[in-house]
Number of protein chains: 2
Amino acid sequence: MEKLDHRARVTRMLLRRAFTDLLKEKPIESISVKELCAAAGINRGTFYSHYQDLYDLRRQLEEELVEDLQRALAPLLENAPSPLEVTEGIFRCLRDNADVCTVVLGPCGDRGFVRRLLEGARASYLAGYTRYFAGASQRQLDYFYAFVSAGCIGLLERWLSEGMTTPAEEIAAAAEGIMLRGVGFLETEKG
Amino acid sequence: MEKLDHRARVTRMLLRRAFTDLLKEKPIESISVKELCAAAGINRGTFYSHYQDLYDLRRQLEEELVEDLQRALAPLLENAPSPLEVTEGIFRCLRDNADVCTVVLGPCGDRGFVRRLLEGARASYLAGYTRYFAGASQRQLDYFYAFVSAGCIGLLERWLSEGMTTPAEEIAAAAEGIMLRGVGFLETEKG
DNA sequence: GAAGTAAAACAACACGCTGTTCAATAACAC
DNA sequence: GTGTTATTGAACAGCGTGTTGTTTTACTTC
C-alpha cells in the first residue's frame, strides 16, 4: 500500500526537504506554497496533487516522527529496563530525527503537535507515577506531569539550539536528575 | 505622550477585545485583518492607521503584559522576600491578566514571546542559583534553567486550561516544590 | 455654541497568493 | 512498444492585502 511511483517519491522528497529548510528560518505562516515550490523546483499544481496545503504537509511529517518514536521505543518498553534507559532511548531517537525535530519542536515549531505528543504520553507516565506515589492527589500528579513534560521539551529545545553536540545520554541524565531531585541535581552532578 | 483621542482609544479597545476573542479559538495565522475588523465593527482602513498588521497588534499586547509584570514585581524584588513570595507574586499578576495570558501563553499563543520572556528572566535567575551552587558547571545550570523555566510555563498552561480556579498561591507552591525537590514533591505535599 | 482639527468611514485600486482546471508532455510499469 | 500515471505550463476566478483619496463624523479649544 506504500508503493508509490518513483517520480512521486522524488517529488515528495524534494518538497519535504525544501519545506524543512524553509522552516529553519521562518514560521510556517509566512511560507507560501508558491515559494516552497520554487525552492523545491516543483510545479505549484503538483504540490496540490500531493498535499492539501502546508499544514497537511507538516502533519504528515509529524506523524512519521511519532511512528519513528514508537518504533524506537517499543523494544525498550518490552524489555522493561530502567527509566533512565527509556529516557536515553527517547533522546537518541530524537537526535536521529534531528531535521524533523528542529522543524516541529524548534523555535518555529508546531505548538499543537507538542501538546498532542505530551497528551499521548501522559497516561502511561501517570500510571507509572501513581503506583509509587499513592499518597499524592490527582491534582498534584497533574501539576507534576505538566511541569516535567514541558520541562523535558524545554531541555530538548536547549539541546537542539546547541546543535545536539552534547551526547544524548548526558541530556537524558540531566532530565532524569532534575525530575528526581529538582535543584538538588546541581549539588553533586558534574558536567 | 500617552494622550490619545477618545475615539482612537475606543477603536483600539474594540480591536483588542475582538482580537483576544478570536485568538481564543484560532491561531493568529488563520485570522485575517478583514475578519478582525468585521468582528470589531471597525473599518479595515482604520486598522491600518493604528497597527501595521496583526503581528504588530499582538506585539503591543505582549509588551503591555511585560510592563504589568515588571510593575507588579518591582516592589516584591525590592523588599527581597522569600523566593516563594516572588513566585506567588508572579502567578498572581498572571492571574490578574488572565485574558492576555490566555492569548499569548495559551494553546494559540506566541511561542517566540515566551522564549523572549524566559530569556529576559534567565540572567537574574542564573545569578541567584550560581551563588548557591558554585560546584555546578555552567552547562548544568543552563540545562536546569531550560528545564524549570519551560516547566513553569507548562504548569501555567495547565493552570490556564482549568480556568485558573486553583489559588495562585497553590500553583506557586507546586512550582516551588517541584523545582526544589523534583519528584519528591509528590511524597509529602497534599492537595 | 462655533471654528478648526483629527479620526473614522467609504470606495476604489493594483498586487500577490490561492486553489482549481485543462491540455500537453514526460516518465514509469508491464 | 503500449497503456498508465505523474508532472508541467498556462489560465482562471476568488480573496485578502495594503494603500490612496474623499467624505463624514466626533472631539478639542476657544
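All of these numbers come straight from a predicted model, not from anything done at the bench. In what follows, chains are A, B, ... by sequence order, proteins preceding strands, each numbered from 1.
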Looking across every strand, which nucleic acid part, if any, lies under 4.0 Å from S32(A) by heavy atom: base, sugar-phosphate, or nothing?
sugar-phosphate
Which of these nucleotides, [options], is closest to any side-chain atom of [X]?
X	options	answer
S49(A)	dC27(D), dT7(D), dA29(C)	dT7(D)
N43(B)	dC10(C), dG9(D), dC17(C)	dC10(C)
D5(A)	dA9(C), dT17(D), dT5(D)	dT5(D)
A8(B)	dC17(C), dA7(C), dC28(C)	dA7(C)

Less than 6.0 Å separating the ring centroids of W159(B) and Y143(A)?
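For W159(B) and Y143(A), the ring centres are not under 6.0 Å apart.
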Are F47(A) and Y51(A), when compared by the centres of their aromatic rings, separated by less than 6.0 Å?
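Yes - the distance between ring centres of F47(A) and Y51(A) falls below the 6.0 Å cut-off.
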Whole-Å distance separating the [atom1] atom of [X] from the [atom2] atom of [N]:
X	N	atom1	atom2	result
Y55(A)	dT18(C)	OH	C1'	13 Å
L36(B)	dG16(D)	CG	P	13 Å
L54(A)	dT18(C)	CG	P	7 Å
R9(A)	dA27(C)	CZ	C1'	14 Å
F47(A)	dT8(D)	CZ	P	14 Å
I31(A)	dG16(C)	CD1	C1'	17 Å
E35(A)	dC17(C)	CD	C1'	11 Å
Q52(B)	dT19(D)	CD	C1'	13 Å

Report yes if at least one side-chain N or O of [X] is closer than 4.0 Å to OP1 or OP2 of [N]; otherwise report no.
X	N	answer
H50(A)	dA6(D)	no
Y48(B)	dG18(D)	yes
T11(A)	dT7(D)	yes

Tell me yes or no: between the side chains of S161(B) and E157(B), is some donor less than 3.5 Å from an acceptor?
no
By nearest heavy atom, map K34(B) and V10(A) onto DNA chain D; which one lands nearer the 5' end?
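Mapping each residue to its closest nucleotide by heavy atoms, the 5'-most match is V10(A).
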Flag, side chain of T11(B) to backbone of R7(B), donor-acceptor distance under 3.5 Å
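Confirmed, T11(B) side chain pairs with R7(B) backbone.
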Could a donor-acceptor pair under 3.5 angstrom be found where the side chain of R44(B) meets the base of dG16(D)?
no
Base of dA27(C) paired with side chain of R7(A) (donor-acceptor, under 3.5 Å):
yes
Is a salt bridge present between D110(B) and R116(B), judged by a nitrogen-to-oxygen distance below 4.0 Å?
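Yes.
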